[in-house]
Amino acid sequence: MVTTERKPLLLDFEKPLVDLEFRIDKIRELAKENGVDIGEQICQLETQAMQLRQGIFSNLSPSQKLQIARHPRRPSTLDYIKAISDTWIELHGDRGGSDDPALVGGIAKLAGRPVVMLGHQKGRDTKDNVARNFGMAAPGGYRKAMRLMEHANRFGMPILTFIDTPGAWAGVQAEHQGQGEAIAYNLREMFRLDVPIICTVIGEGGSGGALGIGVGDRLLMFEHAVYTVATPEACAAILWKDVSKAPQAAIALKITAQDLKSLGILNQILLEPPSGAHCDPLEAAKILKQGLLQNLEELTQMTSQQRRQIRYQKFRQIGVWNV
Amino acid sequence: MVTTERKPLLLDFEKPLVDLEFRIDKIRELAKENGVDIGEQICQLETQAMQLRQGIFSNLSPSQKLQIARHPRRPSTLDYIKAISDTWIELHGDRGGSDDPALVGGIAKLAGRPVVMLGHQKGRDTKDNVARNFGMAAPGGYRKAMRLMEHANRFGMPILTFIDTPGAWAGVQAEHQGQGEAIAYNLREMFRLDVPIICTVIGEGGSGGALGIGVGDRLLMFEHAVYTVATPEACAAILWKDVSKAPQAAIALKITAQDLKSLGILNQILLEPPSGAHCDPLEAAKILKQGLLQNLEELTQMTSQQRRQIRYQKFRQIGVWNV
Amino acid sequence: MSLFDWFENRRKSGSLSWERQERDISDGLWSKCSACEILVYTKELRANQMVCQECGHHEQVYSDERILQLIDAKTWIPLDEELYPSDPLQFYDRKAYSDRLAETQKKTGLVDAVQTGLGQIEGLPVALGVMDFRFMGGSMGSVVGEKLTRLIERATSKQYPVIIVCTSGGARMQEGMLSLMQMAKISGALEYHRAAGLLYIPILTHPTTGGVTASFAMLGDIIIAEPKATIGFAGRRVIEQTLREKLPNDFQTAEDLLHHGFVDIIIPRTELKKNLAQLISLHQPVSTTHSMVQWEAMALSST
Amino acid sequence: MSLFDWFENRRKSGSLSWERQERDISDGLWSKCSACEILVYTKELRANQMVCQECGHHEQVYSDERILQLIDAKTWIPLDEELYPSDPLQFYDRKAYSDRLAETQKKTGLVDAVQTGLGQIEGLPVALGVMDFRFMGGSMGSVVGEKLTRLIERATSKQYPVIIVCTSGGARMQEGMLSLMQMAKISGALEYHRAAGLLYIPILTHPTTGGVTASFAMLGDIIIAEPKATIGFAGRRVIEQTLREKLPNDFQTAEDLLHHGFVDIIIPRTELKKNLAQLISLHQPVSTTHSMVQWEAMALSST
Ligand SMILES: [Zn+2]
Ligand SMILES: [Zn+2]
């Protein structure tokens, strides 16, 4: 688990805030060394910092959110799982030839109850990211996910999925192992499962690779997470023929939690700690746990048939057209 | 389809018979050329040939049967399927990365009724055999078989499997793709299926590679086919430490249809044409079709629960021990 | 086309000047095969379902023509023709999406990238969806998703098999996440159709890529492809850029997918109708043990 | 073993002459680790479940000891101990099978290559089968098949999870096809156990190969392996002969299988009991929708 002690890597728009916080620390230190009482000034400065923080984090542009969603210090699937579970046993393998480190899963105890948790897993540093393929799952990853979901279904365990990927892996092997088939299969089969399914976009929700573990009774999304049909970079390259137009594409594509809530795609936005989940992962984990438990509470009241129906209706109603 | 016109490759013990038949032809030809009536002599010689044939084919040793079972002109799975079906549509692929040419299958119409047929496929000549991996299926082959069987189950089509393999493919890739898992999975899942399943050993039934498509309500076996826990060659190498003891191993292992009938493993022996299936493939196909239809008739009278029970009981009772 | 006609064509095409050829092609009287470049009477090419008789190349077929090829005369009942695309995101790239839609509609005479309906194939009732590549590269937006979902639901309640002729560049980015979600919506409808014990056959034609490949194109009980069709999840160029090397020629062809186990059978277009009829007649619905799921499916479907 | 004891051991083993070492080993007081070759008190090695504290190597464990390691004291109820192997084929290779059986029984004190029974793991009831490699290489004949099948059937009727500690060279050739058919028989029993919504965990120990790998070893809801255990379908030597080249060192190890997705988790033996208890407590049986199949399973099982 990343702790708050570690300084996060700095994003451009975070700089004024971090500068101010640094100044406050410095002043406090000097005052202490010299035995000066500057309580009032510090208080003022901290209010200023809070306002600045609010100003920044409540007005993030879609591209800024994308930067936060992709922040290397943002808590990953395994970070969250370990933080919110009483017990966690990671299970491996698709039983077909591979164990994809970019999509992890296993059995956990959440507030005393067995559940299956799984999600895309990005790396923490460059080496880890290479091993995890930057969270871009291979067909075997989606098949492992399905195997674990079938396991959950067999033993009556709710399924919690965590979405955090730039997209499914695009490569020769991925094609030959059937990336399309693997995702498609999950899309269909997730509608069949009896147990409650809650999907949460914790960071970057990228296209079909995200949706491949994204069919649930409920879709939650962190405040600064994004979920998009194509990365703004790819979209800009294709539609604008100019990758530098990615920020515009990010706006046009409506990728923020707030956009998706109003499009009827999301069920719930999970508010992040004041400076984003990457600045307070433990608090973010608490918020996630609370959101999951509250939704689980509601879903376990229903019959499996009711859950399948709300799951289908949830997607059934998405789309806008004229008559 | 191999036709009776083509001369089969000669096995040692077939030689006296073929010599005699050749002489009869020669004499008949000469007599015709010279306008001599030798009807009576020919008749005598043909009776002699018939007796010789009976003598040879009713007293074949296990190793001789093994030679017949492996005969390059022995009808293969596709030969039989094409001969007995009204319609045949071969389907491909395991939907997981491969289409194994050593295990083929598809949908057929048999006597007006849709069925799924599948089986190991050996090659007809060296080149074909290399392509077909000598009928040794890879994990993908067993997974394709299972996919087709699930298809059959979904659409209420009986399943007819044809066994003809020296064994499952043993190789690095086969291990990495899970040869053990693929066979094991089929063994369990075939007990679950609702539709009638008839398995027929048409040639060589080799070990787990044969059993991987061999769990049925009925097990039929051609008169000169063999079915063995390990090839006599492998058995001799392991137990006798001497491959040349393969003929002894073939006897000791009890691999013939007659042995397996008395051990309670087989349901029915399909008698072959007088000189073996390889000398009269069309007749062999007729015999097979008749056997399949007769058994299908009985099985379709039952409920799926009854069939699952007889399937399980069939295997449940196999084994001999002391108390 | 008889052998004589063929020689005739060869002779003619040989004797035509380049300008003459171009003029004749633009007149629409003659067509040039995009694979072997031979000139043929457009009428004859049409009669052979746009399959070159010289080299077997399958030219793209548009939705109207495909319906004619597959559905018995006078049995086609189009569905949901009144659904028009809208511009829910007010999307604007180098051009407004709404303008793009209007232009494409005018140019193609289509309202969006799929036509759906009920009809018969050699007397057997089917629910058929046909995508059209002309309409923004067969991209999948809300209308495509909604029309296919309604088609599948209707098929579930009527106990009809579903056939979808696929061709698509993928998601329609101009509809953002609404487009992506259609993948799940259609797949969900297919789950209920499947639970009712019914047959679904997608037909993968050139090209079938992206979100369509990662949803209904790969969910068939039997998956049919046309010869040499490009079928893939990720774009070839995307992969080439990542790898920084050229990919083999057969990469992402129907034949490559057959080899890797994702296509059941490759059927030339001229044989398609016959084979479909055969397959449908082999798969009559059976009562399923999942009667609960089936019941739900019934309850959910629109008709 | 404390660090001081360990230094003591090192000193002692260093000072021992080779003959002295051998004598001590044959006395059974000392054991030599077959991986790092260090000498340790046999008593201490046993206390650490035959896992070398120096290098972590897992020595083979025989069935009696394994049962002691896993099952809570005084809860073990052995089943079907009265089943003895017979010689149905009158098999004779360089020696009669019946003689081989008698000799092995005398040498090992076992009747055949598996022990089965009911017991508790940290208070949780389980049906446990433990194979024993000493008995003809853990080969699977009629008795192994019958005892495991009865165990599974009993677990189905009692709603117990099944745990099978696997170690086997494969089929028992001396029982011919009767041996091969046990693969299907056991798998069938597992299908009914599964249909009843119950948990099955095979534990793959060194070595697990052949027919056992191609049946119940690979059918777990969760598949556990011991570190570095050899697990495979075909024999390594068979594959090497076919390829005419040496295989990589990790080929067919537990770690290799984990990497290729066939093992869920590798657990050191010293952690096994605790982990099993945890997994079992996470998987409580739920009512299944396949009630018909479950009913059949009940009807079929023996108790
Ligand atoms: Zn052409
Ligand atoms: Zn050691």
Side-chain angles (χ1 to χ4, degrees), chain B residues 85-118 131 137-158 177 182 192-196 300 303-305 307-308, chain C residues 122 124 159 161 190-191 193-202 204 213-214 217-225 227 231 233 250 253-268 271-272 274-291 293-294:
Chain B
S85 308
D86 315 331
T87 306
W88 163 242
I89 300 173
E90 187 176 344
L91 300 177
H92 293 269
D94 65 354
R95 302 268 167 97
S98 76
D99 176 47
D100 189 358
L103 208 159
V104 300
I107 304 174
K109 214 168 211 169
L110 180 71
R113 138 159 230 177
V115 295
V116 159
M117 297 191 187
L118 57 94
Y142 294 99
R143 294 187 180 119
K144 172 165 71 172
M146 196 65 233
R147 180 175 81 84
L148 294 174
M149 291 192 279
E150 289 281 11
H151 185 94
N153 203 49
R154 226 167 97 53
F155 292 99
M157 300 177 190
Q177 293 171 350
R192 178 179 52 77
L193 302 178
D194 295 311
V195 294
T300 45
T303 67
S304 61
Q305 187 191 324
R307 280 190 300 260
R308 273 200 302 269
Chain C
E122 295 191 4
L124 300 160
Q159 306 251 62
L190 284 172
E191 167 55 26
H193 186 257
R194 179 181 171 81
L198 299 167
L199 178 70
Y200 165 49
I201 302 179
L204 316 187
T213 298
M218 283 292 147
L219 292 175
D221 293 299
I222 294 169
I223 299 178
I224 295 174
I231 305 158
F233 172 67
D250 74 339
T253 58
E255 292 70 18
D256 193 30
L257 265 83
L258 186 82
H259 176 68
H260 285 96
F262 298 106
V263 158
D264 278 284
I265 182 166
I266 294 174
I267 299 179
E271 304 289 314
L272 186 57
K274 193 187 72 187
N275 276 275
L276 278 176
Q278 202 168 42
L279 283 169
I280 293 165
S281 75
L282 284 166
H283 294 79
Q284 293 312 312
V286 287
S287 66
T288 161
T289 49
H290 303 282
S291 47
V293 177
Q294 195 175 7

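Keep in mind that what you see is a predicted model, and the values were worked out from it rather than measured. Letters go in sequence order (proteins before strands), and every chain restarts at 1.
Looking only at side-chain heavy atoms (C-beta outward), C:Ile222 and B:Ile89 stay at 4.5 Å or farther from each other.
Atom CD of B:Glu90 sits about 8.0 Å away from atom CD1 of C:Ile265, to the nearest 0.5 Å. Once rounded to the nearest 0.5 Å, the distance linking CG of C:Leu279 with OG1 of B:Thr87 reads 10.0 Å.
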For this session: Decide side-chain contact (heavy atoms from CB on, under 4.5 Å) for C:His283 and B:Arg154; before the verdict, give the C-alpha distance in whole Å, the side-chain angles of both, and the deciding distance to 0.1 Å.
Result: CA-CA 10 Å; C:His283 294 79; B:Arg154 226 167 97 53; over 6 Å; no
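Contact of C:Ile266 with chain B is not made at all, since no heavy-atom distance falls under 4.5 Å. Of the two parts of B:Glu150, neither the backbone nor the side chain holds a non-hydrogen atom closer than 4.5 Å to a non-hydrogen atom of chain C. When heavy atoms are compared at a cutoff of 4.5 Å, B:Arg147 approaches chain C solely by way of its side chain, counted from C-beta outward.
Per-residue counts of heavy-atom pairs under 4.5 Å with chain C were compared for B:Gly106, B:Pro114, B:Ala108; the largest is that of B:Pro114. Contact count against chain B (heavy-atom pairs under 4.5 Å) is highest for C:Leu282 among C:Leu282, C:Asn275, C:Val263.
Taking 4.5 Å as the heavy-atom cut-off, the residues of residues 92-100 of chain B that approach chain C are B:His92, B:Gly93, B:Asp94, B:Arg95, B:Gly96, B:Gly97, B:Ser98, B:Asp99, ordered by number.
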